[in-house]
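Scroll down for the structure; my scribbles are underneath it.
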Amino acid sequence: MNRIFTNVCLLGYLLHALTEPVAASEFVLDGDFFIGGLFDIHQVNDSFSQDKPETITCSSQPFILSSYRRFQMMRFSVEEINNSTNLLPSVTLGYQIYDHCSDRKNFPGIFKLTSVNGVIKPWNESQRNMSKMIAVVGTYTSTATLSFAPLFMTDLIPLVSYGASSSVFSEKHNFPSFLRTVHPNKDTMKVIMMILKEFKWHWVSFLHIDDDYGRDGRDVFINGIEKTEICMAYTKGLHSSTNYTEIFLHLESLRINVTIVFAPEWTAEALIEAAIQHDITNKVWIAADAWSLHRKLPRRNEIRKIGTVVGIAEPIMTMQGFSDFIYSFKAQSQQEDTNKGNLCNQLCNCSSVTAEDIINADPSFSFSVYAAVYAIAHALHNVLQCGAGKCNSNVKVHPHMILTELRRSNFTLLNQSVQFDKNGDPKYGSYSIVFWNQNGDAEEIGFHRFPPSFQFFINKSKIKWHGNGEVRTC
């Protein structure tokens, strides 16, 4: 908590600059109520350092195309809801979205979302100038969420994450207004352990990003393999200065042929690239859902020699109209200066990105974003007592009222029954089990469906092993 309030003090002087009018922007849409959005469109390297306290210009950092696609999915979801006459008749949703490129040093957008007329005050029901913000969608990483979530929890502002999967967020005494549309790490690890048992892979290593998400995944895995035949022979946290030579020497000396990689795409990229450069061959790599649908790595010419990549992923779902939305947006953005007058960290600098680039980018967590926006819209529908083509405009909407309805969520979206359990975790969904095939695609070879319709299946005949597939057991 001290870290958070130190940042508040350092950056509090920025608030007055964040209240200026905003020109037309893909980051901003006016409406009767608005949803905050936090997306890591750019990513600050973990070695980034400063010698004085100043905010980060996210657009100067490396661009993450898959995150930009998720950002566009939120915009599309809001537009789709506004174009519908069923969910929120005569009510429009808007948004204020920020590029949250740093886990710990990216607070101006957070302050803007939690302020009213540029001032942050304790919640007060009699306060006249209430913010129109009813909830926030985001963010992607667990470490970033841990850094700023308490600022939303204090006033019970709903924070609906599409990517933060660490176990700690299930603790409602610390995170009372946190919900998520992504499954927590314990669910991911259950599926990974089922894959290990299916193939009788008992002698494995566990490589993870060295942050809250990765360390939590490692701990959940260690607890999960107790009283099983699975042995974790080696584990290591990965960061920007990782000595990959040392890691690969350990894997070889311990004769480990199966490695679980629990990391986001940028960390997994560095590991796989290093494996190719070090001429690592005929291994089995188990990809977590954060990088299993990577678009470029499976198409690398040298990828076949490192072995076989099997992973789990959120099932790819088609959101009808998304492609048309992107084509329309790109055509319009070519005619307008959408960057003019934007606030701090509401700038993309990605005019060279085509509509096809966005549409064909890694679709991971797209449905999670889509479901988060729709869950908030359904909650607002209930608070405003919408029905028979109208809503009750006399209702004063507060974020804690949205939270109450979010907890009661029970609606169908793309054949998924969206509900949350008592911890704010999803009670719906499934995982696809994928294999990186010879064509450079993540081919679905099986699935895992969560209760109440529990099922697990892998079609082993679809896997073409790049080695003999045999591994050492304990």
Side-chain angles (χ1 to χ4, degrees), residues 65-66 69-70 73 182-183 187-201 204 207 257-266 268-269 271-273 275-276 280-319 322-323 356-368 370 414-416 429-450 453 455-471:
L65 180 58
S66 59
R69 188 186 197 276
R70 289 187 280 271
M73 183 58 68
V182 62
H183 281 272
D187 291 346
T188 306
M189 288 305 148
K190 283 179 184 176
V191 183
I192 288 176
M193 285 187 287
M194 288 173 128
I195 294 172
L196 296 178
K197 292 175 183 177
E198 182 74 14
F199 290 99
K200 296 182 173 57
W201 292 332
V204 304
L207 304 181
N257 290 332
V258 177
T259 295
I260 300 157
V261 182
F262 197 72
E265 61 180 277
W266 48 88
E269 280 176 8
L271 170 66
I272 298 302
E273 292 288 353
I276 291 171
I280 304 300
T281 60
N282 296 332
K283 303 294 184 184
V284 174
W285 307 85
I286 299 180
D289 53 348
W291 69 282
S292 60
L293 298 182
H294 200 289
R295 290 307 203 203
K296 292 183 178 179
L297 282 179
R299 291 178 167 81
R300 282 287 308 269
N301 291 331
E302 305 94 333
I303 197 69
R304 303 290 164 256
K305 71 177 184 179
I306 71 166
T308 304
V309 179
V310 177
I312 64 173
E314 178 185 273
I316 298 175
M317 297 185 183
T318 301
M319 287 69 168
F322 178 68
S323 295
E356 289 78 10
D357 291 335
I358 300 169
I359 293 166
N360 296 321
D362 180 349
S364 298
F365 307 103
S366 291
F367 181 75
S368 294
Y370 191 67
L414 299 185
N415 297 319
Q416 297 285 319
S430 62
Y431 274 124
S432 294
I433 299 169
V434 299
F435 156 67
W436 287 10
N437 65 23
Q438 297 270 19
N439 298 324
D441 298 318
E443 177 184 355
E444 184 172 344
I445 59 169
F447 57 82
H448 171 84
R449 295 195 177 99
F450 291 102
S453 59
Q455 288 178 296
F456 177 78
F457 171 75
I458 298 179
N459 187 346
K460 299 178 185 178
S461 66
K462 286 190 172 184
I463 302 177
K464 179 175 175 54
W465 300 103
H466 299 289
N468 57 20
E470 296 177 359
V471 298

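When a residue number appears, it is its place in the shown sequence, counting from 1. From a predicted model like this one, the values you see are computed outputs, not experimental measurements.
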May I ask you to decide if [Y]'s main-chain N or O and [X]'s side chain share a donor-acceptor pair within less than 3.5 Å?
{"X": "Asp187", "Y": "His183", "value": "no"}
{"X": "Arg304", "Y": "Asn437", "value": "yes"}
{"X": "Arg449", "Y": "Gln455", "value": "no"}
{"X": "Arg70", "Y": "Ser364", "value": "yes"}

Hey, mind stepping through Glu444 and Lys462 against salt bridge (charged side-chain N to carboxylate O under 4.0 Å, His left out) and telling me if it holds? CA-CA 9 Å; Glu444 184 172 344; Lys462 286 190 172 184; over 6 Å; no
Mind checking the [atom1]-[atom2] spacing from [X] to [Y]? Nearest 0.5 Å is all I need.
{"X": "Glu198", "Y": "Ile458", "atom1": "CD", "atom2": "CD1", "answer": "5.0 Å"}
{"X": "Ser366", "Y": "Met319", "atom1": "OG", "atom2": "CE", "answer": "6.0 Å"}
{"X": "Ile272", "Y": "Glu302", "atom1": "CD1", "atom2": "CD", "answer": "12.5 Å"}

Are [X] and [Y] close enough that some pair of their side-chain heavy atoms sits under 4.5 Å apart?
{"X": "His448", "Y": "Lys190", "answer": "no"}
{"X": "Ile260", "Y": "Leu207", "answer": "no"}
{"X": "Phe262", "Y": "Thr188", "answer": "yes"}
{"X": "Val204", "Y": "Thr259", "answer": "no"}
{"X": "Phe367", "Y": "Gln416", "answer": "yes"}
{"X": "Asn282", "Y": "Thr308", "answer": "no"}

Does the pair Arg299/Asp441 count as a salt bridge with the N-to-O cut at 4.0 Å?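 Salt bridge flag = yes for Asp441 with Arg299.
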Stepwise side chain to side chain contact (heavy atoms under 4.5 Å, CB included) check, Phe435 with Val309: CA-CA 6 Å; Phe435 156 67; Val309 179; over 6 Å; no
Counting the benzene-type ring for Trp, do Trp465 and Phe199 have ring centres under 6.0 Å apart?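 Under 6.0 Å, so yes.
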Exercise: identify the closest heavy-atom pair between Phe456 and Ile195: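 Closest approach of Phe456 to Ile195, heavy atoms only: CZ-N, 4.1 Å.
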Which atom of Arg295 lies closest to which atom of Asp362, heavy atoms considered: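 Of all heavy-atom pairs spanning Arg295 and Asp362, the closest is CG-N, 3.4 Å.
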Which pairs would a plain distance check flag for residues 285-294, meaning a side-chain donor or acceptor within less than 3.5 Å of a matching protein atom at least two apart in sequence or in another chain?
from   : atom 1 : to     : atom 2 : distance (Å)
Trp285 : NE1    : Ile306 : O      : 3.0
Asp289 : OD2    : Tyr431 : OH     : 3.3
Trp291 : NE1    : Val261 : O      : 3.0
Ser292 : OG     : Ile312 : O      : 2.6
His294 : ND1    : Lys296 : N      : 3.1
His294 : ND1    : Leu297 : N      : 3.2
His294 : NE2    : Glu269 : OE2    : 2.6

Among all residues two or more places apart in sequence or in another chain, which pass the ring pair (Phe, Tyr, Trp, His ring centres under 6.0 Å) test with Phe365?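 Ring pair (Phe, Tyr, Trp, His ring centres under 6.0 Å) list for Phe365, sorted by chain: Tyr140.
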Under the criterion side chain to side chain contact (heavy atoms under 4.5 Å, CB included), which of Thr318, Asn360, Ile359 is the partner of Ser323?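 That would be Ile359.
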Donor-acceptor side-chain pairing of Glu314 and Ser432 below 3.5 angstrom: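 Per modelled atom types, Glu314 and Ser432 side chains form no pair under 3.5 Å.
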Could you tell me whether the side chains of Ser66 and Glu265 share a donor-acceptor contact shorter than 3.5 Å?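 Glu265 and Ser66 do have a side-chain donor-acceptor pair below 3.5 Å.
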Intermediate values then yes/no, side chain to side chain contact (heavy atoms under 4.5 Å, CB included), Val434 and Ile445: CA-CA 5 Å; Val434 299; Ile445 59 169; 5.8 Å; no
